[in-house]
Amino acid sequence: MSSRRKCPLPKRSKLGSTFFSRDPVEVARDLIGATLIVGQAGGIIVEAEAYRRDDPASHSFVGQTQRNASMFGPAGTAYVYRSYGIHWCLNFVSGEQETGSAVLVRALEPKVGLNAMRARRGLDDPHLLCTGPGRLCRALGVTGEHDGSRLDEPPFEIYACSGPVEVRAAPRIGISRAPDHLWRFGLLGSPFLSKRLAF
DNA sequence: GGTATGATTGACT
DNA sequence: GTCAATCATACCA
C-alpha cells in the first residue's frame with residue numbers, strides 16, 4: 001500500500017509552524033522526502049511516525065509531565081526525550097489545535113556533513129549513520145539540550161520535499177499499545193529505513 | 001519506599 | 001535469534 005505524493009510546497013520551502021499545525025499523521029506522511037539539517041549535518045527524512053495526544057502509545061497519553069512538557073508546546077517545537085536511559089529521540093511537535101501530538105523522526109538518508117556524522121557515530125557506513133531514531137540523534141548531535149527548541153530557528157532547518165515521492169504506511173515500531181495504526185511512514189525502497197516497510 | 005517498563009541499540013550465541 | 005546497558009517515569013505499597 002503505497003501512495004504517490006507530489007510536493008505540495010515550492011522547492012526548498014522552509015517548513016515552520018504552519019506546516020506542523022496539522023494532524024500529526026498528515027505531518028508524518030508529508031515529512032517523507034523533506035530535508036532535515038541540524039547545524040552542519042543532515043539529510044532526507046525517509047521514515048517518521050505519528051503520535052496523537054489521545055493515543056495510548058504516545059508519551060502525552062498520561063497528560064503533561066516534566067519529560068513530555070515540550071509536547072504540549074506550540075506546533076513546530078522540538079521534543080527530545082531519552083529512550084531506554086541511553087539514546088535521544090527527536091520529535092516534531094504537531095497538531096492543529098490540541099497540543100500533545102508529535103512526529104518521531106526515525107531515519108534519515110545522510111546528505112550533508114557526512115564526516116561530522118561519521119565522527120559522532122564512530123563508523124563509516126552511511127547506511128548505519130542515521131537509520132534509527134537513536135542513531136540519527138547521535139549522528140546529528142541532537143541531545144536533551146534541544147528539547148523545546150523551535151524547529152524554524154538554528155540549529156534546525158527543515159525544507160519541504162523537492163519532488164514527488166513514493167510513501168508507504170505501516171504499523172509503528174517498538175510500541176505495545178495501539179500497535180495497529182498505520183502511522184509509520186517510509187520512503188518506498190529506501191535503503192536507509194530502520195526496518196523494512198512490511199506489514 | 002520498591003519495582004517494572006520502555007517510541008533502542010549493539011554485542012553476542 | 002537473545003540479552004544487557006541505563007534511567008526517567010509510572011504505578012503500587
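Letters go in sequence order (proteins before strands), and every chain restarts at 1.
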- [ ] Using the C1' atoms only, state how far C/dG1 lies from B/dA7, rounded to an integer number of Å.
- [x] 23 Å

Task: Set of ring-ring contact (aromatic ring centres under 6.0 Å, His included) partners for A/Tyr51, sequence neighbours left out - done: none

Open item on the list: Considering every strand and a 4.0 Å limit on heavy-atom distances, what is the contact class for A/Arg172: base, sugar-phosphate, or nothing?
Closed with: nothing

- [ ] Can you check whether any acceptor in the base of C/dA8 is under 3.5 Å from a donor in the side chain of A/Tyr81, or vice versa?
- [x] no

Open item on the list: Could you see if A/Ile158 belongs to whatever hydrophobic cluster contains A/Met117? Use Ile, Leu, Val, Met, Phe, Trp, Tyr and a side-chain cutoff under 4.5 Å.
Closed with: yes

Open item on the list: Does B/dT9 have OP1 or OP2 under 4.0 Å away from a side-chain N or O of A/His87?
Closed with: no

Task: Distance between C1' atoms of B/dT5 and C/dC3 (Å, rounded) - done: 16 Å

TODO: Would you tell me if any nitrogen or oxygen in the side chain of A/Ser176 comes within less than 4.0 Å of OP1 or OP2 on B/dG6?
DONE: yes

Open item on the list: Counting the atoms with a prime plus P, OP1 and OP2 as sugar-phosphate, which does A/Arg82 contact under 4.0 Å by heavy atoms, base, sugar-phosphate, or nothing?
Closed with: nothing

TODO: Using a heavy-atom cut-off of under 4.0 Å over every strand shown, decide if A/Arg121 touches base, sugar-phosphate, or nothing.
DONE: sugar-phosphate

Open item on the list: Regarding A/Ile86, tell me which of base, sugar-phosphate or nothing describes its non-hydrogen contacts under 4.0 Å with the strands shown.
Closed with: base

Task: A/Tyr51 aromatic ring stacked with six-membered ring of B/dA7, 5.5 Å and 30° - done: yes

Task: Plane angle bin for A/Phe20 and A/Phe92 - parallel if under 30°, tilted between 30 and 60°, otherwise perpendicular - done: perpendicular

- [ ] Please map the stems of DNA chain B, keeping only stretches of three or more Watson-Crick or G-U wobble pairs with both distances under 3.5 angstrom.
- [x] B:1-6 with C:7-12, B:8-12 with C:1-5

